[in-house]
Every structure is written in structure tokens, then in C-alpha cells.
S.K.: 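Pasting a structure here, questions to come.
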Amino acid sequence: MSRYSWLSERLLPWYREHRRELPWRRTTNPYPIWLSEVILQQTRVDQGLAYWQRFMEHYPSVTDLAAAKEDEVLKLWQGLGYYSRARNLLTAARQVVERHGGHFPADHNALLQLKGVGDYTAAAIASIAFGIPEPVVDGNVYRVLARLLLISTPIDSTAGKREFRERAAELLDAQAPGDHNQALMELGATVCTPRKPLCHQCPLADKCLARAHDAIDRLPVKVGKTKVRIRHFNYLHIEGPQGLVMERRGPGDIWEGLHQLPLVESTKALGSKGLLNSLRTFLPGAVPTARSERVVHVLSHQRIQAVFWRVSIALEPEFSSDRQWVPKDRIHSVAVPRLVERWLNGELPEKRV
DNA sequence: GAAGCGTGGCC
DNA sequence: TGGCCAAGCTT
């Protein structure tokens with residue numbers, strides 16, 4: 001019996017009454033549950049739901065997914081962000097097929113070995129699909145526990161991670177670990193929200209130490225502030241009878257594996273003269289004829305200032321397996337960053353050079 | 001252990 | 001507007 005039976009007595013009835021009906025909650029099949037957990041990493045349900053449905057339709061089983069091509073998976077993932085999740089998803093599916101005969105292992109440590117499955121996701125699958133008593137600690141749990149127990153240790157510190165995991169393990173209801181974990185997360189997502197939490201609807205309100213100390217809006221505590229790098233991207237729109245020149249982004253930078261227009265990066269914003277100068281080496285004989293307005297695209301750690309240039313060429317660009325003409329009717333079959341998609345869809349204002 | 005990785009919504 | 005936040009993981 002848990003030392004915190006009062007928590008289960010409040011939390012589980014609340015969850016059963018208020019939980020959102022989500023498709024991956026209708027099953028204990030680990031495949032759709034795993035898929036939902038990976039999609040929902042750093043992602044809201046509202047944003048991820050359609051992607052989950054799309055993946056389930058294309059790949060009804062982990063074996064189907066394992067047989068897919070990476071470009072196809074990236075295309076399905078397009079727009080969801082953090083694209084390493086998509087590449088890791090495919091790798092993990094193949095690991096499940098090859099190492100476990102197509103069945104997810106009912107074991108926390110074995111799950112942890114899967115690519116893209118970390119502490120949180122392994123615990124989520126173990127508890128929700130298999131009923132294994134592993135505590136999950138995600139952003140919601142950090143927030144709920146910080147407030148409920150008045151913990152001011154920064155959640156992005158090593159000490160904080162250890163402390164919150166210990167508390168979560170103590171609080172876990174080993175009789176219903178899946179529901180317990182989901183209830184804690186659901187409470188954080190819908191009631192104990194970062195701003196303007198709905199304390200009057202909270203089943204734990206009278207137990208909440210932060211509420212008693214009027215400290216709710218100061219918890220949880222975070223220390224880290226990420227600094228943002230500014231970059232200037234000049235995309236080259238080179239169109240010909242054979243289509244559009246596109247290239248595939250390589251490893252070691254953002255948007256790995258996605259496609260784009262040929263890119264000239266500069267240290268500062270370029271005018272048409274500046275671009276012409278850069279093109280002298282990058283694409284001899286090329287001349288800019290039109291451009292988009294400057295568009296700012298914000299990523300978690302970078303701020304991209306981009307201009308799309310229409311360019312006429314005298315010589316063929318250099319091609320490789322990663323840069324080639326893409327026929328017009330194939331352009332929308334390759335995965336591109338949102339920024340590039342906006343240009344290709346004609347959503348960016350254009351002007352003369 | 002810190003840094004890097006997308007996109008969209010909210011105020 | 002700019003900053004914060006969202007069911008984290010990898011290197």
C-alpha cells in the first residue's frame with residue numbers, strides 16, 4: 001500500500017471523470033502508445049493528434065513502420081518539428097522487429113535501449129501498456145509536484161531531476177501505475193497549467209502547499225535560459241524545364257534529412273549586390289531577378305532571417321546525390337522545413353530586386 | 001553536463 | 001512584441 005493513498009483516492013476518480021478521450025487511450029497495445037509518446041515529446045496534444053492518426057493509417061503495426069523509407073517517414077512528420085524524433089522512430093521500429101521479433105519488450109531497461117526512448121518514454125510505455133510500476137516525470141509532473149509539495153529545486157538541474165524522480169516514485173500508485181501517471185500528467189496539462197492554473201477545479205487543491213503559501217506562480221523554478229543564435233539564410237529558387245533545384249540537408253545542423261532550395265548562408269543580411277558577390281563562387285553566372293521580403297523564422301535555439309531569391313543561371317549548378325532537379329509534380333512529395341514550405345506555397349510576399 | 005534540436009499558441 | 005511553454009532525447 002502506498003504511503004500516499006490519499007493521492008490515489010483523489011487523483012484516479014478525477015482522472016476517470018475528466019480525462020480527454022484520446023485514441024491511444026483506448027488500447028494497451030504498446031505500438032500506438034509508443035507512437036503517441038514520441039509524437040507528444042515537447043508537443044501539445046492539439047498539434048500531435050493528426051500526426052498520430054496519419055502514422056497509424058500509413059503504418060498500422062511496428063512491422064509496417066520498420067519497412068518504411070526514411071524520406072517517407074520524414075514527409076509524414078513534416079511540420080511537427082524536432083525531426084530527429086522521426087529518424088529515431090524508424091530506427092526504433094527496426095530495433096523492435098530485429099531484436100524483439102516485432103513485439104515491444106515489457107521491460108523498462110529494454111525499452112530504454114530503443115532509439116529515441118529515454119527515461120520518460122520508457123516509463124510511460126512500461127506503465128501504460130504493461131502495468132509496470134515506473135514513475136513518469138515529464139514537464140507536467142515537474143509542475144504538479146513542485147506546487148503540490150512546494151519544491152523550489154530547479155527542475156532543469158541535476159539535483160532537481162533526481163529529487164523530482166524520487167518524489168514521483170514515492171507517490172506512484174503501484175496498483176494502477178498507468179492511470180496514476182496519466183492522471184498526474186493530465187492534471188498538469190488541463191488544471192495545474194503554467195499560467196492561470198484552475199485551482200478551484202483541482203482535486204488536490206486543499207493539499208497543495210504552494211497554494212497555501214501563495215507560491216503557485218513562482219513554481220516550478222527553472223535556471224536555464226537558452227541563448228539564441230542569429231543566422232542569415234539566402235535560398236536560391238532556380239527553376240527550369242526540368243523543375244526546381246533542391247538539395248537534402250546533411251547531418252550536424254538543423255533540419256537534418258529534410259530538403260530545401262540551394263542555400264547560401266551569410267554573416268549578415270545581403271542585398272542583391274551582396275548576393276551576386278556570393279554567387280560568384282557558389283554558382284558562377286547566376287543572377288538574382290526577384291526576391292521575397294525578409295522573413296524571420298524562430299527555432300528553439302536559432303533565429304533565422306531568410307530571403308528567397310529567384311535566380312537565373314547561365315550554367316547548370318553542380319549536382320550530386322543530394323542536389324538535383326526535382327520535377328514540379330514531385331516538389332510536394334519531399335519533406336521541407338515550414339519556412340521553405342511557406343515559400344513554395346506562395347505565402348511569402350515578393351518584390352523586385 | 002551543457003548544448004542543440006521545430007513549431008505553434010498564448011499573453 | 002518577445003518570451004515562455006509543450007507527454008524529452010541525444011551527443
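Letters go in sequence order (proteins before strands), and every chain restarts at 1. Keep in mind the model is a prediction, meaning the values are calculated, not measured. FYI, side chains are in, hydrogens and waters are out, and symmetry mates aren't considered; it's all heavy atoms of this structure.
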S.K.: Before accepting this row, confirm whether a basic side-chain N of the pair E341(A)/R338(A) lies closer than 4.0 Å to the acidic partner's carboxylate O.
M.R.: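 The answer is yes: the pair qualifies as a salt bridge.
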S.K.: Is a side-chain donor or acceptor of R211(A) paired with a backbone partner of C199(A) at a separation under 3.5 angstrom?
M.R.: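 A pair under 3.5 Å: no.
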S.K.: With nearest nucleotide decided by heavy atoms, which residue, K115(A) or E186(A), maps closer to the 5′ end of DNA chain C?
M.R.: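 Nearest-nucleotide comparison on DNA chain C picks E186(A).
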S.K.: Indicate for each nucleotide in nucleotides 1-11 of chain B, in 5' to 3' sequence, whether protein heavy atoms under 4.0 Å reach the base (B), only the sugar-phosphate (S), or nothing (-).
M.R.: S--BBBBB-B-
S.K.: Assess the side chains of R20(A) and T190(A): does a donor N or O sit below 3.5 Å from an acceptor N or O?
M.R.: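 Their side chains do not contain a donor-acceptor pair, so the 3.5 Å distance test is not met.
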S.K.: Whole angstrom is fine here: how far is it from OH in Y120(A) over to P in dA6(C)?
M.R.: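 Going from OH in Y120(A) over to P in dA6(C) covers 13 Å.
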S.K.: Taking the nucleotide of DNA chain C with the nearest heavy atom to each, does V45(A) or V117(A) sit closer to the 5' end?
M.R.: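 The answer here is V45(A).
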S.K.: Calculate the interatomic distance between K222(A) atom NZ and dG8(C) atom P; express it in whole Å.
M.R.: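 Whole-Å distance recorded here is 10 Å.
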S.K.: Expressed in angstrom and rounded to an integer, what is the separation of D119(A) atom CG from dC9(C) atom C1'?
M.R.: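 After rounding, the reported distance stands at 11 Å.
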S.K.: Using modelled atom types only, decide if a donor and an acceptor are shared between the side chain of Y51(A) and the backbone of Q78(A) within a distance under 3.5 Å.
M.R.: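 Side chain of Y51(A) to backbone of Q78(A), a donor-acceptor pair under 3.5 Å: yes, one is there.
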S.K.: How close or far is atom C1' of dA6(C) from atom CD1 of I39(A), stated in whole angstroms?
M.R.: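 So the two atoms are 15 Å apart, to the nearest Å.
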S.K.: What is the distance from CG of N88(A) to C1' of dG8(C), rounded to the nearest Å?
M.R.: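 Distance check: N88(A) CG to dG8(C) C1' gives 11 Å.
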S.K.: Going by an N to O cut-off under 4.0 Å, is there a salt bridge joining R248(A) and D71(A)?
M.R.: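 Yes, this pair counts.
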S.K.: When you compare dC4(C) with dA3(B), how far apart are their P atoms, in angstrom units rounded to a whole number?
M.R.: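 Rounded to whole Å, the distance is 16 Å.
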S.K.: Using a 4.0 Å heavy-atom cut-off, does I125(A) contact any base of the nucleic acid, only the sugar-phosphate backbone, or nothing at all?
M.R.: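 Counting heavy atoms under 4.0 Å across all strands, no contact is made by I125(A).
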S.K.: Report yes if the distance between the aromatic ring centroids of F104(A) and W34(A) is under 6.0 Å, otherwise no.
M.R.: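 F104(A) vs W34(A): aromatic centres under 6.0 Å.
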S.K.: Using the P atom as the reference point in each nucleotide, state the distance between dG6(B) and dT11(C) in Å, no decimals.
M.R.: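 Their P atoms lie roughly 14 Å apart.
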